[in-house]
Amino acid sequence: MTRKEKDWVIKVQMVQLQSINPRLDDYYYQEYYQKLEKKQVDEELLGRRNQVESLKLVTPYIQKAEAYESVVRIEGSLGQVAVSTCFSPRRAIDAVPHGTQEQDIEAASSQRLRVLYRIEKMFLQLLEIEEGWKYRPPQPCFSEQQSNQVEKLFQTLKTQEQNNLEEAADGFLQVLSVRKGKALVARLLPFLAQDQAITILLAITHHLPLLVRRDVADQALQMLFKPLGKCISHLTLHELLQGLQGLMLLPPGSSERPVTVVLQNQFGISLLYALLSHGEQLVSLDSSLEEPNSDHTAWTDMVVLIAWEIAQMPTASLAEPLAFPSNLLPLFCHHVDKQLVQQLEARMEFAWIY
């Protein structure tokens, strides 16, 4: 081979090493050479550097064409000639995407990366809050700086109203769609003010069917049950009804209520039982509810609908709750007939014994 032919072969091989992002495409070599350079700098500072410089692979810079046209049109010719070069090899098949599927996948991936980055930033803020609480002086409340940190983190998480659960975009729901996001909310809840914690609780309750569907792979919603349980005790009956009503509304074109999905999930059924138990305590303690009013009527209707949904479900489909409130069956006894109560007892027998 002549020198010119050798140079051409070398150039063809070197072109394959071209990369827009060498840190990503050739990570191990870049890391290796970075450590090697650091070692040489250290040796130079100590006066022990070798005279021989270490070799480094240098690729020729070749500007790639933005568009590739494999067909050459020659004026006056009878046909089209397909040509190829070492810089633009001829394609075996047309693998250029013409639709938007790849763009949609790229957009979804980019959106997920933004959510993960946002969670990481919030976790750093949470760690600062936890560190400040760990070394706080013995006092019952936060300092002004700690309160501002908590408020800032809560505003970052603050739920935005969504008209369609399936089209819920960025924000609180996307944070809870990631396992680390669930851990973030679980660890943040004890630091929130009462009204802030209730806002988070009602948002989770309202969007519970969607969150349950997204948690099928992770099964990590259970970590929220204990901190949310402490928030439930601060709910008023009106707030509790607001959170539960969304679970009983029939979606357009569907004969299945969202509560059915909730009853088949361990976290969902546990949270629902805890809310019902707290509602029964509120009704029994508040003498003003002895007289019929809108909240009392709505509460009775809610209990009857939930009892009917539980009775209609096969026993095998009903999830085992993390905790079974002792006043749950007496609650149903107050509002439904004996036959329905017997069906509920049969489905809750395992949890009741436990």
Side-chain angles (χ1 to χ4, degrees), residues 115-116 118-136 139-162 168 170-212 214-215 218-236 238-240 242-244 246-247 262 265-279 281-282 321-323 325:
V115 173
L116 293 174
R118 181 165 163 251
I119 291 174
E120 290 297 331
K121 288 182 64 177
M122 289 190 290
F123 236 108
L124 292 176
Q125 297 176 31
L126 177 62
L127 290 174
E128 289 183 12
I129 294 170
E130 290 179 336
E131 194 70 15
W133 178 259
K134 184 177 179 181
Y135 296 105
R136 75 190 190 285
Q139 55 184 9
C141 58
F142 285 138
S143 65
E144 183 177 354
Q145 181 183 359
Q146 290 171 328
S147 299
N148 291 337
Q149 289 176 327
V150 173
E151 176 65 26
K152 182 181 178 181
L153 187 49
F154 172 73
Q155 291 301 329
T156 308
L157 267 177
K158 193 172 182 180
T159 310
Q160 298 178 355
E161 292 296 328
Q162 301 291 340
D170 52 2
F172 182 66
L173 295 180
Q174 286 197 347
V175 170
L176 281 181
S177 299
V178 181
R179 185 182 186 89
K180 194 167 185 177
K182 300 180 184 80
L184 170 73
V185 176
R187 289 169 61 171
L188 175 63
L189 277 168
F191 296 102
L192 295 177
Q194 181 176 316
D195 58 333
Q196 295 173 338
I198 289 176
T199 301
I200 296 293
L201 171 60
L202 293 178
I204 291 175
T205 306
H206 182 70
H207 298 290
L208 193 54
L210 176 61
L211 293 174
V212 164
R214 292 184 177 181
D215 191 54
D218 290 339
Q219 293 294 315
L221 280 173
Q222 286 87 336
M223 66 177 71
L224 288 166
F225 180 67
K226 188 175 180 180
L228 285 176
K230 297 177 181 179
C231 306
I232 290 175
S233 60
H234 300 299
L235 285 174
T236 64
H238 185 70
E239 290 171 336
L240 192 148
Q242 280 183 328
L244 290 176
L247 302 179
V262 173
N265 177 265
Q266 189 175 45
F267 169 75
I269 195 172
S270 302
L271 186 64
L272 179 63
Y273 283 178
L275 290 169
L276 290 173
S277 173
H278 178 62
Q281 291 174 5
L282 292 176
L322 296 167

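These numbers were taken from a predicted model, which means no experiment stands behind them.
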Which value, rounded to the nearest 0.5 Å, describes the distance between I204 atom CD1 and L221 atom CG?
-> 8.0 Å
All heavy atoms of H278 vs all of L240, minimum pair found to be CD2-CD1, 3.8 Å
Is a side-chain N or O of S233 found less than 3.5 angstrom from the main chain of G229, in a donor-acceptor match?
-> no
Taken to the nearest 0.5 Å, the spacing of L189 CG from L157 CG works out to 9.0 Å
Contact list for residues 218-232, test salt bridge (Lys or Arg N to Asp or Glu O under 4.0 Å), sequence neighbours left out | K182-D218
For residues 119-127, which side-chain N or O atoms pair as donor and acceptor with protein atoms under 3.5 Å away, sequence neighbours left out?
{"unit_1": "E120", "atom_1": "OE1", "unit_2": "K180", "atom_2": "NZ", "d": "3.3"}
{"unit_1": "E120", "atom_1": "OE2", "unit_2": "K180", "atom_2": "NZ", "d": "2.7"}

Distance-minimising heavy-atom pair for P209 and H206 = CD-O, 4.2 Å
Please confirm whether the backbone N or O of L173 pairs with a side-chain atom of H207, one donor and one acceptor, at under 3.5 Å?
-> no
In this structure, CG of L244 is separated from CG of L208 (nearest 0.5 Å) by 10.0 Å
With Q219, which residues qualify under side chain to side chain donor-acceptor pair (under 3.5 Å), at least two apart?
-> none
With sequence neighbours excluded, what pairs up with Q149 under the side chain to side chain contact (heavy atoms under 4.5 Å, CB included) test?
-> E128, I129, Q145, Q146
Do you know which two heavy atoms are closest between F225 and A274, and how far apart they sit?
-> CE1-CB, 4.4 Å
Given side chain to side chain contact (heavy atoms under 4.5 Å, CB included), test L228 with T205 step by step and report yes or no.
-> CA-CA 10 Å; L228 285 176; T205 306; over 6 Å; no
Gap separating the CG atom of L192 from the CG atom of L201, nearest 0.5 angstrom = 11.5 Å
Distance in Å, L211 CG paired with S177 OG, rounded so as to fall on 0.5 Å steps = 6.5 Å
Results of side chain to side chain contact (heavy atoms under 4.5 Å, CB included) for S277 - residues two or more places apart only | Q281, P325, N327
Audit row: I232, L271, side chain to side chain contact (heavy atoms under 4.5 Å, CB included) steps and yes/no | CA-CA 9 Å; I232 290 175; L271 186 64; 3.8 Å; yes
Approximate separation, where rounding is to 0.5 Å, of I200 CD1 and C231 SG | 9.0 Å
Evaluation steps, side chain to side chain contact (heavy atoms under 4.5 Å, CB included), between F172 and T199 = CA-CA 11 Å; F172 182 66; T199 301; over 6 Å; no
Is a side-chain donor or acceptor of H234 paired with a backbone partner of Q194 at a separation under 3.5 angstrom?
-> no
Sequence-distant partners of R187, salt bridge (charged side-chain N to carboxylate O under 4.0 Å, His left out), two or more places apart = E130
